[in-house]
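Values below: every heavy atom of this structure, side chains too, minus hydrogens, waters and symmetry copies. Here is the naming used below: chain letters follow the sequence lines, and residue numbers restart at 1 for every chain.
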Protein chains: 2
Amino acid sequence: MSTTPQRVPYSVAARELLRNTLLDAACHELQSRHWADITMADIAVAAGVSRQTLYKEFGSREEFAQVLVMREAESFLDAVEHAVGQHLSDPAKALAAAFDLFLTSAAENPLLRAIVIEEGAEELLALLTTQGKPLVERAADRLTAVVIAGWPLIRRRDAELLGDVLVRLAISYAALPDGEASATAAAVSSLFQPYVEKLVREGTP
Amino acid sequence: MSTTPQRVPYSVAARELLRNTLLDAACHELQSRHWADITMADIAVAAGVSRQTLYKEFGSREEFAQVLVMREAESFLDAVEHAVGQHLSDPAKALAAAFDLFLTSAAENPLLRAIVIEEGAEELLALLTTQGKPLVERAADRLTAVVIAGWPLIRRRDAELLGDVLVRLAISYAALPDGEASATAAAVSSLFQPYVEKLVREGTP
DNA sequence: GAGCATTGTCCACTTACTTGACAAAAGAGT
DNA sequence: ACTCTTTTGTCAAGTAAGTGGACAATGCTC
């Protein structure tokens, strides 16, 4: 099921620790200030590291933001993956549960809140939308994989479409919520329900 | 209650990671071989680090073993501390629960098993007994602190005695179990029950 | 007692991180 | 439009951390 927690050599763990320390530092700063007000120097200092090290690890401010958003996305995808796994017997339920989980935790997530609520985060917002190709592709890929793993009868092309559409919807509602998260989740899943049920039953819409 | 999880600068976290990686590597090796069969070089390699780095971080094999045992002890003390916290209203129950928890988890602990069961671990065994002064003192101190925090009426001298005696008993039973862990825990706690109850009631035996 | 492995130490070497400096770009204030 | 300031991104020189190879000393074993 999960990958074996094999022993990690120090050098690898240390690099990972460095990157995470820097990303964590940025997240922490975001709780008190806008992204635009946070300099690369601030992040380096908050991580207890020189600015040069930050630049060596992530090439530029842009790139750093990209990775920051991506890391948060991966953790969301982990949660979604787990939620889907709880409802393998009922695709509609799985969809509703996953969407619900995503929206509610997105509403509470510090980074997302910084992007959605505050004003000084246009640069980060773009990474979810206009500049968001890597993110959407990655998320759609993972979602597609989850769907295929859970319901093998579905054709790959259909799973890919479903993954792409769901990711885009999820991002849209995360960026601009419309009422209660659970209500949105229920509504969206009811909309997709006939499609996915036909899909898992017949392997084609 | 617990210490604030304040932000850790990278350099500190990295050193901690290095030490833990090395200690973890040793624990891992212990699952398949005796302590006497494990060389410092083995540990370094298993941690993905040079032998020199191992020696720089821990001065000698002896010292390394000391820290290895100490780290495991701290984690046991954490668990015991937590168990006591669950039964603040009833000292006798707290004692029984803590002792029970300690003995059962000690029986399953890989490092402890390596020391108690295998033959090639005399050097480690000594760290619990004849060479065990630092360990006993540290454990007794923490236990004393827990007791005082939980039942402030007790006099410091009495708490210190209790802490010391309990630690020594715990180590003895861990090194040489006598029947079922829970039975031992119940027996020992019944033995101390009158003493501790008088203590917490009257503040003196 | 000869041979072999391990411990603990030394030193030269590489790699990671730091420090201070700088041009270029972006804003803020006048 | 123009300066003053700040930040970004890059460089070079310096320090610290980890590597790799060598060594005497100890201890084992055959």
Side-chain angles (χ1 to χ4, degrees), chain A residues 7-26 29-30 32-69 118-127 131, chain B residues 7-26 29-30 32-69 119-124 126-127 131:
Chain A
R7 309 192 41 61
V8 186
Y10 172 73
S11 60
V12 175
R15 186 183 253 71
E16 200 60 23
L17 173 65
L18 173 58
R19 294 175 69 88
N20 280 326
T21 304
L22 284 161
L23 293 165
D24 289 344
E29 295 302 298
L30 270 172
S32 57
R33 297 183 284 164
H34 301 329
W35 173 248
D37 297 337
I38 301 170
T39 73
M40 295 296 269
D42 292 336
I43 297 171
V45 168
V49 132
S50 81
R51 200 165 62 93
Q52 187 65 16
T53 303
L54 168 52
Y55 273 104
K56 195 184 291 183
E57 199 56 40
F58 307 88
S60 67
R61 181 185 175 87
E62 173 86 20
E63 218 177 303
F64 181 82
Q66 183 73 251
V67 175
L68 186 63
V69 169
E118 325 258 0
E119 312 87 41
E122 292 78 15
E123 184 187 340
L124 290 179
L125 176 58
L127 291 175
Q131 310 290 325
Chain B
R7 311 193 36 63
V8 186
Y10 171 72
S11 59
V12 175
R15 185 180 257 71
E16 200 60 24
L17 174 64
L18 173 59
R19 294 176 69 88
N20 281 325
T21 304
L22 284 162
L23 293 166
D24 289 344
E29 295 303 298
L30 270 172
S32 57
R33 297 183 283 164
H34 301 329
W35 173 249
D37 296 338
I38 301 170
T39 73
M40 296 295 271
D42 292 335
I43 297 170
V45 168
V49 131
S50 81
R51 199 165 62 94
Q52 187 64 18
T53 304
L54 168 52
Y55 273 103
K56 197 184 290 183
E57 198 56 42
F58 306 89
S60 67
R61 181 185 175 84
E62 173 86 19
E63 216 177 304
F64 181 82
Q66 183 74 250
V67 176
L68 185 64
V69 168
E119 312 86 40
E122 292 77 15
E123 186 186 339
L124 291 180
L127 292 175
Q131 311 289 325

With A/Leu68, the side chain to side chain contact (heavy atoms under 4.5 Å, CB included) member among A/Asp24, A/Leu22, A/Leu23, A/Ile43: A/Leu23
Distance test, side-chain N/O of A/Ser50 to OP1/OP2 of C/dT18, below 4.0 Å: yes
Aromatic ring pairing B/Phe58/B/Phe64, orientation class (parallel under 30°, perpendicular over 60°, tilted between): perpendicular
Touch class at under 4.0 angstrom, heavy-atom based, for A/Leu54 against every strand present: nothing
CA sep, side-chain torsions, deciding dist, call: B/Thr39, B/Asp42, side-chain hydrogen bond (donor to acceptor under 3.5 Å, both in side chains): CA-CA 5 Å; B/Thr39 73; B/Asp42 292 335; 3.2 Å; yes
Check: A/Leu127 and A/Glu62 side chains under 4.5 Å, non-hydrogen atoms: yes
Distance-minimising heavy-atom pair for A/Ala65 and A/Leu124: CB-CD2, 3.6 Å
Residue B/Arg15 excluded, over 12 heavy atoms near CZ under 6.0 Å: no
Base-paired stems that DNA chain C participates in, counting runs of 3 or more Watson-Crick or G-U pairs under 3.5 Å: C:1-30 with D:1-30
Closest non-hydrogen atom pair, A/Gly48 against B/Pro9: CA-CB, 4.0 Å
Polar atoms only, N or O, under 3.5 Å: list the protein pairs with nucleotides 5-10 of chain C and their distances.
from: C/dT7; atom 1: OP1; to: B/Met40; atom 2: N; distance (Å): 3.3
from: C/dT7; atom 1: OP1; to: B/Arg61; atom 2: NH1; distance (Å): 3.0
from: C/dT7; atom 1: OP2; to: B/Met40; atom 2: N; distance (Å): 3.3
from: C/dG8; atom 1: OP2; to: B/Tyr55; atom 2: OH; distance (Å): 3.2
from: C/dG8; atom 1: OP2; to: B/Arg61; atom 2: N; distance (Å): 2.9
from: C/dG8; atom 1: N7; to: B/Arg51; atom 2: NH1; distance (Å): 3.0
from: C/dG8; atom 1: O6; to: B/Arg51; atom 2: NH2; distance (Å): 3.0
from: C/dC10; atom 1: N4; to: B/Gln52; atom 2: OE1; distance (Å): 2.8

Side chain to side chain contact (heavy atoms under 4.5 Å, CB included) between A/Leu18 and A/Val49, intermediate numbers included: CA-CA 9 Å; A/Leu18 173 58; A/Val49 132; 3.9 Å; yes
Segment of DNA chain D, first to last nucleotide, that comes within the 4.0 Å heavy-atom reach of chain A: D/dT7 to D/dG18
A/Val67 vs A/Arg19, side chain to side chain contact (heavy atoms under 4.5 Å, CB included): CA-CA, chis, key distance, verdict: CA-CA 10 Å; A/Val67 175; A/Arg19 294 175 69 88; 4.0 Å; yes
Whole-Å gap separating P (C/dA26) and CD (A/Glu122): 17 Å
Closest heavy-atom pair and its distance - B/Ser60, B/Met40: C-CE, 3.9 Å
